[in-house]
Protein chains: 2
Amino acid sequence: MATGANITADDVAAEAGVSRWTVTRAFRKDASISAKSRAKVMQAAERLGYVPDLRAASLASDRSNLVALLVDDFANPHKLVMMERLTRVMRRKGWDTLLVNTLDKADTGPALLNASQRRVDAVILIGLQFDDDVLAAAQHARRFSKLIVFARSSQKPDTISIAVDDVQAMRDIAAYVDAQGYRRPFFVAGPRTSSAHLLRKETFIDYWQQTHGLRPDCVNVAAYDPALSGAVVETALKDRARADLPDVLVCENDALAIGAIDTLRHRLGLRVPGDIAVTGFDDIPQADSLNYQLTTYRQPLDEMADYLVEVLDSREDRDMNRLFRGAIVRRDSA
Amino acid sequence: MATGANITADDVAAEAGVSRWTVTRAFRKDASISAKSRAKVMQAAERLGYVPDLRAASLASDRSNLVALLVDDFANPHKLVMMERLTRVMRRKGWDTLLVNTLDKADTGPALLNASQRRVDAVILIGLQFDDDVLAAAQHARRFSKLIVFARSSQKPDTISIAVDDVQAMRDIAAYVDAQGYRRPFFVAGPRTSSAHLLRKETFIDYWQQTHGLRPDCVNVAAYDPALSGAVVETALKDRARADLPDVLVCENDALAIGAIDTLRHRLGLRVPGDIAVTGFDDIPQADSLNYQLTTYRQPLDEMADYLVEVLDSREDRDMNRLFRGAIVRRDSA
DNA sequence: AATCCATTTGCACGCGCGTGCAAAATTTGC
DNA sequence: GCAAATTTTGCACGCGCGTGCAAATGGATT
């Protein structure tokens, strides 16, 4: 099954007639080694089925090239997209990914501990439950030098945030909604625990208040889960008279928007966008489906992932926060 | 930032006034150690911020408690569900997950190599591109003892398959469709490369041929991607006269089914289930949404994940293949 | 042919922890 | 209170590779 026992660099060295260090060099991209030595080594390695042991390498060099990805919010389809992009870019650049499912809110600490034990070089957070106090508590046993919050802005010190500019983005959306002539917006927000949602919600509300002098209705959903979102929206709207209904639901993200659309159509008997328009955020694959054609906002995920790798490679320690600018994706839903 | 420099077990031992080996024992569940020694050690560790180094432990013990999860098929929402279940169960049992995005078909070998370098204890395949020849070629540099194909049956030797019984499942579906009175089924299959789809498709076709003496129409989609599925279904059905249309689309999985439903409704102007019924497979979250209410088949994922952990823990080497039985989830779409 | 410079190769030591067994400490039985 | 049974503790060696520098090799120049 496994090729022989444990073939080490020493074995390959003997087979190739060179020293072990030459073997090591042959396996590094940027090492100074003659072409023919490398060829000899590679052939010997191939013959023996040698595979370098990254555990030992990491132990000796104190760099693991491993990154922990902490995820909690598996109900949001956007997570799948993010995971794909991140792992793709990172793997191309030589970074491996340790996927840690943060089971529940109290599990953030243990999850970070888990990552520490593997001596990852960095931890990337793409969930939502990471309130600042939980993080602070978890800093304790921290054995990695970089804590990166991806696709979510964070003001926490010792933390690098790579995200879209929520304020800018939400202003764009608000302006678009405004320009389309909608006048009775209704904001569907995510869990209160997450700090990003505050930014989006407040930005929208502020905009509307300044522009039209009134505060839009608002509702909170306990998770970025379409089903939950639908339930909350139904409760909020079902008893309203037709004239009291909003003319557009501005949703904090696509997961919420999709749940809302389903409820509007199938529970409340309304047409989208005929009776009520809907906007989202993220541009998940479903947003482009025939059924939803959701007007939403696309984050420049590729750029953000590229920058993430830059951060990983960098030796710097501060001021690496960065905000990106995305763009509205205009479809039929609003 | 990181707590001090590298605190090792030696440091903790000194602090606690015991030997390093007592420290080691304190951190293992099943070690023979007195309660008060453990308490002393734990307090010292806490004071110093000590976190055991799993790289070193793994190197010394030749067990990594790390499992590589190879995924390629990120367009299928079901993958998110599987990843959540697997990582949840595995983490609870002390197994960490290395997520490897198999970038494309030719990348299977390099991806396996990647896992080998981390000396994972096992590799779990939950993608679809793993044809037997690619796998065979990749066996070469194999440094892990277990290759597990999850949620897909495989006859390959040296491979452990944990999956639902496709034949049984598809017979159940066929019988259901039959019993509901549908008479002009149309099968929507996934990529030809995957071996599981053959089983489902052939089982359905065989059933229909034996029961009704005729071979249902059939179409292949190049990936488990709703958008692609929709396109293929549209091409296949758009020129048919109303009377020639099938009365039920039996889809190899939910991703295909959802794409099909969208196309039926929004391109072909048909009602689902009014004009054409649809069945899926997997019971992804969307299947339960108001919009789809998809009749589908649920795999017992939790049971399967539990068994997976059993396999990981086991020292056995053969005959660990296992088929599970799921159940039809009956909703409105058929 | 002698010299110099650039390139290539070799190596001692340490990274942090597990394994298996023997010695020491503690408990039990009477 | 003593011997035997049991639990608890200590340790030498090795897991496989990187680091940084010194020695050696090869090629180019005069």
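Being a predicted model, the structure only gives us computed values, none of them experimental. So that the names make sense, note that chain A is the first sequence line, chain B the second, and so on, each numbered from 1.
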Under the side-chain hydrogen bond (donor to acceptor under 3.5 Å, both in side chains) rule, collect the residues that match up with [X], sequence neighbours excluded.
X	value
B:Ser64	B:Asp121
A:Arg118	B:Asp96
A:Asn65	none
B:Ser19	B:Thr22

ask   = When the C1' atoms of the five terminal pairs at each end define the local axes, what inter-axis angle does the helix from C:dA1-D:dT30 to C:dC30-D:dG1 show, to 10 degrees?
value = 10°

Using salt bridge (charged side-chain N to carboxylate O under 4.0 Å, His left out) as the criterion, list what pairs up with [X], not counting sequence neighbours.
X	answer
B:Asp165	none
B:Arg88	B:Glu84
A:Asp73	A:Lys79

task = Taking ring pair (Phe, Tyr, Trp, His ring centres under 6.0 Å) as the test, write out the residues that go with B:Phe74, two or more places apart.
result = none

key: Euclidean distance, A:Leu99 CG relative to A:Asn101 CG, rounded to 0.5 Å   = 7.0 Å

Give me, pair by pair, the N or O atoms of the protein and of nucleotides 25-27 of chain D that are less than 3.5 Å apart, along with how far apart they are.
none

key: Contacts of B:Asp302 that satisfy side-chain contact (heavy atoms from CB on, under 4.5 Å) - sequence neighbours left out   = B:Arg85

remark   = With B for base contact, S for sugar-phosphate-only contact and - for none (protein heavy atoms under 4.0 Å), nucleotides 12-24 of chain D reads B-BBBBBB-----

